[in-house]
Chemist: 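Please see the structure below; I have some questions.
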Amino acid sequence: MEDSLDNDSLRHSAAHLMAAAVSRLFPGVKLDIGQPTEDGLYFYYDFDLPRRLAPEDFGAIEKEMRQLVKRAIPFERVECSRAEAQTRLSQAGQTYKLERLADIPDGQSITFYRCGDFEDLCRGPHVGSTADLPAFKLTSVAGSYYRGDERKPMLQRVYGVAAESDAALKVILDRIDEAARRDHRKLGKELDLYSIEETVGPGLIHWHPRGARIRSLIEDFWRREHFRAGYELLYSPHIGRAGLWQTSGHLDFYAENMYAPMDIDGYPYYVKPMNCPFHIQIYKGQKRSYRELPFRWAELGTVYRYEKSGVVHGLLRVRGFTQDDAHIFCTPEQMEGEIRRVLRFGLSMLRAFGFESFSAYLSTRPAKAVGEVERWEQATRALAAALDQEQVAYRRDEGGGAFYGPKIDIKIRDALGREWQLSTIQFDFNLPERFDLSYIGDDGKEHRPYMIHRALLGSLERFFGILIEHYAGSFPFWMAPEQVRVLPLTEHQLEYAEQVCDRMRRADLRVVVDARSDKIGAKIRRAQTERVPYMLILGPKEVEAGMVALRARAEGDLGAMTLDAVMDRLSRENVVVRNEG
RNA sequence: GCCAACGUAGCUCAGCUGGUAGAGCAGCGCAUUCGUAAUGCGCAGGUCGUGGGUUCGAUCCCCACCGUUGGCUCCA
């Protein structure tokens with residue numbers, strides 16, 4: 001990634017510069033904290049102000065910032081004692097800062113950064129002086145709870161971008177523009193892939209023919225790969241009786257994400273927020289032997305979860321979605337091999353969709369947890385070993401696991417360098433216990449199986465949204481809803497066009513003839529904007545010679561060739577590009 | 001859920017301080033038969049998100065609700 005997108009201390013200093021400017025404009029302002037954002041693009045600062053800011057205020061703040069830059073005021077590091085810091089902050093009336101000060105552990109040095117008459121409790125580091133902040137722009141303002149706690153007061157967070165030069169700032173702004181151009185909500189509408197209907201409800205996705213075609217291709221690929229990898233497929237109901245969810249613990253621990261029950265013959269039933277209890281019922285349907293394990297049971301299971309109204313977002317955060325779910329039931333001896341296998345399989349699946357760069361979190365046992373410590377440790381070791389073996393860089397999130405088991409979360413990096421969390425592989429020591437799962441071992445006794453819950457793509461909705469942005473709507477050939485559009489020059493070539501189309505269709509290519517009476521330029525433009533990978537242009541010359549003129553979405557005109565040559569080329573392209581890493 | 005902004009035709013948007021709406025694209029019709037990113041002419045299309053209020057009169061002002069967007073928290 002370019003340096004200009006990765007300059008943390010510069011953005012940090014820009015946040016302070018903005019805070020200094022705001023302090024001058026609003027003398028009574030109470031400061032919280034300001035930082036660069038993790039995506040490498042923005043900085044922000046949280047303020048408690050007497051009035052609401054609006055984008056119209058940005059001009060005045062920026063102007064004040066520019067004046068401070070012109071004066072080239074140095075950032076000075078000032079170390080002081082806790083008592084002194086307390087005095088300074090309470091004199092300044094900075095109550096949030098006082099609380100932040102109390103968070104700094106004893107023994108750690110306490111520093112202020114002074115910039116002219118503005119000073120701020122901060123660990124730094126900063127750039128030398130305000131003159132090192134020549135290029136910046138404020139971008140948005142939003143509410144933000146103090147410490148992210150909705151019971152605490154809401155502060156105003158102002159976001160901006162900053163760079164070491166105007167040119168570098170333009171790189172950042174261009175990246176932001178490019179992200180906006182690729183936004184799956186915009187492309188989803190333009191390419192007629194999906195919609196969300198107010199009359200139906202927020203967070204509920206309608207897959208239009210083109211989107212549904214892509215989904216169907218993804219699902220077909222997904223199923224084929226799962227069968228090859230030794231999975232079996234399950235389908236399970238969308239609702240289940242309250243008792244099931246009582247046993248699973250969902251009604252105790254997950255109720256706020258579940259929809260109200262419906263009454264069926266006097267009994268309450270719940271729409272499923274997860275698939276696991278159903279898979280478990282299938283497991284429990286008969287006595288299981290160690291000889292038949294492991295079970296690898298997968299389901300494209302559609303679940304419904306209540307999400308707060310403010311958080312639903314396009315395809316990325318919805319209220320009904322289809323998980324590419326699977327549960328693996330295995331013996332302790334098989335567990336380590338299964339983990340490795342799942343991880344390897346998961347990465348190959350993601351590579352097939354064009355993702356090359358992965359990172360992971362390994363979340364370990366929290367203080368409050370179920371299951372024997374020994375099992376936790378064994379499982380955590382197996383997860384770490386698998387990550388090492390597959391050479392996936394990971395960070396340990398100590399104590400960050402769910403109460404029921406340790407897990408790996410895999411993030412991918414997309415074409416714009418943004419990270420998205422997709423896959424999750426998690427142990428579950430809770431449900432086997434609650435449902436009293438067992439298998440008969442070679443000693444003839446009952447044993448508790450290991451249960452591993454995993455999703456690779458996450459959910460089809462979310463994954464689709466990420467794919468749209470990753471490819472900017474130009475899906476690879478194998479996934480394109482329409483692969484080839486045949487463009488007769490005039491209606492005199494229509495019959496030939498139909499013949500060409502028929503032949504390609506019989507070879508399972510997704511082909512459409514544009515029979516409208518537009519000029520060829522207009523037809524090409526339409527096919528280009530609709531991201532059709534290939535166009536066949538047919539005029540009198542092609543009819544005469546029995547040829548076709550091929551045009552590629554990306555490369556443009558490729559000249560005349562025989563239909564056989566085209567079909568040969570396309571059939572070679574019509575496979576998922578495998579990169580087995 | 002909370003804070004803020006927004007909601008006008010299928011889409012993208014215009015509509016000065018209140019006098020019941022307009023463009024481009026898309027759609028439909030007709031003409032055109034054209035060589036690698038927009039052929040011309042015409043037609044049709046809107047309870048101005050919903051409900052209430054203020055007013056002689058509301059797309060415009062006020063209130064409530066619904067939805068969207070940017071965030072916070074959370075998450076597949």
Side-chain angles (χ1 to χ4, degrees), chain A residues 37 42 44 46 51-56 139-159 180 183 185-186 189-190 192 195-203 254 256-257 273-275 301-303 305-325 409 420-424 426 453-466 487-494 516-530 535-542 549-553 555-560:
Chain A
T37 58
Y42 298 93
Y44 68 81
D46 286 350
R51 72 167 174 88
R52 300 290 169 201
L53 289 177
E56 292 74 59
T139 55
S140 61
V141 55
S144 162
Y145 294 111
Y146 176 55
R147 290 174 185 272
D149 185 337
E150 61 190 21
R151 291 162 305 191
K152 297 224 157 71
M154 183 162 274
L155 308 176
Q156 296 191 72
R157 176 171 294 183
V158 179
Y159 284 88
D183 191 307
R185 293 165 300 182
K186 181 172 144 70
K189 206 177 278 178
E190 284 173 8
D192 196 18
S195 65
I196 298 162
E197 306 293 336
E198 187 175 340
T199 33
V200 176
Y254 206 69
E256 71 276 14
N257 286 296
M274 292 188 193
N275 305 299
T302 303
V303 297
R305 298 181 185 172
Y306 173 73
E307 297 287 354
K308 289 182 187 169
S309 63
V311 306
V312 293
H313 178 94
L315 291 170
L316 300 182
R317 189 78 181 272
V318 296
R319 284 180 171 166
F321 58 97
T322 301
Q323 291 182 300
D324 72 316
D325 208 355
D409 290 317
W420 305 94
Q421 206 238 290
L422 289 181
S423 313
T424 179
Q426 35 193 97
H453 175 109
R454 55 112 276 204
L456 304 180
L457 309 180
S459 85
L460 292 176
E461 287 75 9
R462 184 176 151 82
F463 186 67
F464 186 37
I466 292 165
L487 310 179
L489 194 68
T490 74
E491 64 189 24
H492 302 305
Q493 291 82 37
L494 195 52
R516 296 161 51 135
S517 70
D518 292 314
K519 299 210 291 197
I520 197 68
K523 293 185 187 185
I524 288 168
R525 180 184 163 81
R526 193 160 48 240
Q528 286 288 153
T529 44
E530 290 171 18
M535 285 152 260
L536 291 181
I537 290 133
L538 308 180
K541 280 186 281 184
E542 285 74 23
L550 184 64
R551 182 188 164 99
R553 167 177 69 190
E555 297 99 305
D557 190 1
L558 297 174

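Just so we're on the same page: letters track the sequence lines, and every chain starts at 1. Note that the coordinates shown come from a computational prediction; the quantities given were computed from them, not determined experimentally. Just so you know, these numbers use all the heavy atoms, side chains as well, and skip hydrogens, waters and symmetry mates.
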Chemist: How many whole angstroms separate atom NZ of A:Lys189 from atom P of B:U12?
Modeler: 4 Å
Chemist: Quick one: A:Ile537 CD1 to B:U33 C1', roughly how many Å, whole number?
Modeler: 16 Å
Chemist: How would you list, by chain and number, every residue that makes a salt bridge (charged side-chain N to carboxylate O under 4.0 Å, His left out) with A:Arg157, sequence neighbours excluded?
Modeler: A:Asp46
Chemist: Rounding to a whole Å, what distance do you find between A:Lys519:NZ and B:U32:P?
Modeler: 15 Å
Chemist: In chain order, what residues pass the salt bridge (charged side-chain N to carboxylate O under 4.0 Å, His left out) check against A:Arg317, with sequence neighbours excluded?
Modeler: A:Glu307
Chemist: Of all residues at least two apart in sequence or in a different chain, which pass the side-chain contact (heavy atoms from CB on, under 4.5 Å) check with A:Ala552?
Modeler: A:Tyr534, A:Glu555, A:Leu558
Chemist: When the C1' atoms of B:C48 and B:C43 are considered, how many whole Å apart are they?
Modeler: 23 Å
Chemist: Taking CG from A:Asp46 and C1' from B:C3, how many angstroms apart are they, rounded to a whole number?
Modeler: 12 Å
Chemist: Rounded off to whole Å, could you give me the CZ-to-C1' distance for the A:Phe463 and B:C75 pair?
Modeler: 18 Å
Chemist: Just how far is it from atom CZ of A:Arg454 to atom CG of A:Asp325, taken to the nearest 0.5 Å?
Modeler: 7.5 Å
Chemist: Please tell me which of A:Ala54 and A:Asp409 maps to the more 5' nucleotide of RNA chain B, matching each residue to the nucleotide holding its nearest heavy atom.
Modeler: A:Ala54
Chemist: State which residues pass side-chain contact (heavy atoms from CB on, under 4.5 Å) with A:Ile196; sequence neighbours excluded, sorted by chain then number.
Modeler: A:Tyr194, A:Ile205
Chemist: So, are A:Asp149 and A:Arg147 salt-bridged, with charged N and O less than 4.0 Å apart?
Modeler: no
Chemist: As a test of reading the structure: which of B:G1, B:U36, B:A76 is closest to the side chain of A:Gln421, going by heavy atoms?
Modeler: B:A76
Chemist: Could you give the distance separating B:C56 and B:G18 at their P atoms, to the nearest angstrom?
Modeler: 15 Å
Chemist: Expressed in angstrom and rounded to an integer, what is the separation of A:His492 atom NE2 from B:G35 atom P?
Modeler: 12 Å
Chemist: Between B:G35 atom C1' and A:Ile524 atom CD1, what is the distance in whole Å?
Modeler: 8 Å
Chemist: With rounding to the closest Å, how many angstrom separate the C1' atoms on B:U12 and B:A26?
Modeler: 11 Å
Chemist: Where do N or O atoms of nucleotides 24-27 of chain B meet protein N or O atoms at under 3.5 Å, pair by pair?
Modeler:
| residue | atom | partner | partner atom | Å |
| --- | --- | --- | --- | --- |
| B:G27 | OP1 | A:Arg516 | NH1 | 2.8 |

Chemist: Give me the stems containing RNA chain B, sorted by first residue, counting only three or more consecutive Watson-Crick or G-U pairs with both distances under 3.5 Å; say none if there aren't any.
Modeler: B:1-7 with B:66-72, B:10-13 with B:22-25, B:27-31 with B:39-43, B:49-53 with B:61-65
Chemist: Can you check whether any acceptor in the base of B:U33 is under 3.5 Å from a donor in the side chain of A:Ser517, or vice versa?
Modeler: no
Chemist: Mind checking what makes ring pair (Phe, Tyr, Trp, His ring centres under 6.0 Å) contact with A:Phe321, not counting sequence neighbours?
Modeler: none
Chemist: Could you give the CH2-to-P distance, from A:Trp420 to B:A76, as a whole number of Å?
Modeler: 15 Å
Chemist: On the 0 to 90° scale, with breaks at 30° and 60°, tag the A:Tyr159-A:Tyr42 ring pair as parallel, tilted or perpendicular.
Modeler: perpendicular
Chemist: Kindly point out which of B:C34, B:A76, B:A38 is positioned nearest to the side chain of A:Arg525?
Modeler: B:A38
Chemist: Which residues pass the ring pair (Phe, Tyr, Trp, His ring centres under 6.0 Å) test with A:Tyr145, sequence neighbours left out?
Modeler: none
Chemist: With A:Tyr254, which residues qualify under ring pair (Phe, Tyr, Trp, His ring centres under 6.0 Å), at least two apart?
Modeler: A:His250
Chemist: Can you work out whether A:Arg553 or A:Arg462 has the more 5'-proximal nearest nucleotide on RNA chain B?
Modeler: A:Arg553
Chemist: Under 3.5 Å, which protein N or O atoms sit close to an N or O of nucleotides 59-68 of chain B? Give each pair with its distance.
Modeler:
| residue | atom | partner | partner atom | Å |
| --- | --- | --- | --- | --- |
| B:C66 | O2' | A:Glu198 | OE2 | 3.3 |
| B:G67 | O4' | A:Glu198 | OE2 | 3.3 |

Chemist: With sequence neighbours left out, what residues match A:Asp324 under side-chain hydrogen bond (donor to acceptor under 3.5 Å, both in side chains)?
Modeler: A:Trp222
Chemist: Between protein and nucleotides 71-74 of chain B, what N or O pairs are separated by less than 3.5 Å?
Modeler:
| residue | atom | partner | partner atom | Å |
| --- | --- | --- | --- | --- |
| B:G71 | O3' | A:Tyr159 | OH | 3.1 |
| B:G71 | O2' | A:Gly143 | O | 3.4 |
| B:G71 | N3 | A:Gly143 | O | 3.3 |
| B:C72 | O2' | A:Tyr145 | N | 3.2 |
| B:U73 | O4' | A:Gly148 | O | 3.4 |
| B:C74 | O2 | A:Arg317 | NH1 | 2.4 |
| B:C74 | O2 | A:Arg317 | NH2 | 2.1 |
| B:C74 | N3 | A:Arg317 | NH1 | 2.9 |

